[in-house]
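Reading through the structure tokens given below for one structure.
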Amino acid sequence: MAENLNYASENSHCYDNSQSNCDRLGRLYDWVETMQIDTIYKTDFWEGESEEHQGVCSKGWHVPSK
């Protein structure tokens with residue numbers, strides 16, 4: 001990747017709530033948003049899949065499995 005991920009989603013935010021930080025550093029995501037899984041997993045354990053999961057990553061990229 002040539003730049004930080006700056007995909008604006010419902011539960012993402014900028015560091016210190018400053019748009020300039022998103023422009024420079026990219027956005028911050030919680031785990032549920034990163035993996036694009038059901039919000040029930042904010043409180044319940046998710047064992048995940050053994051395969052790569054794309055989540056919020058651009059096409060051709062994935063969230064690391066380890």
Any residue meeting side chain to side chain contact (heavy atoms under 4.5 Å, CB included) with [X], in chain and number order, not counting sequence neighbours:
| X | result |
| --- | --- |
| Cys14 | Gln19, Cys22, Arg27 |
| Ser9 | Tyr7, Ser12, Tyr29, Glu33 |
| Glu10 | none |

Residues sharing Leu28's hydrophobic cluster, by side-chain heavy-atom contacts under 4.5 Å among ILVMFWY, directly or via others? Tyr15
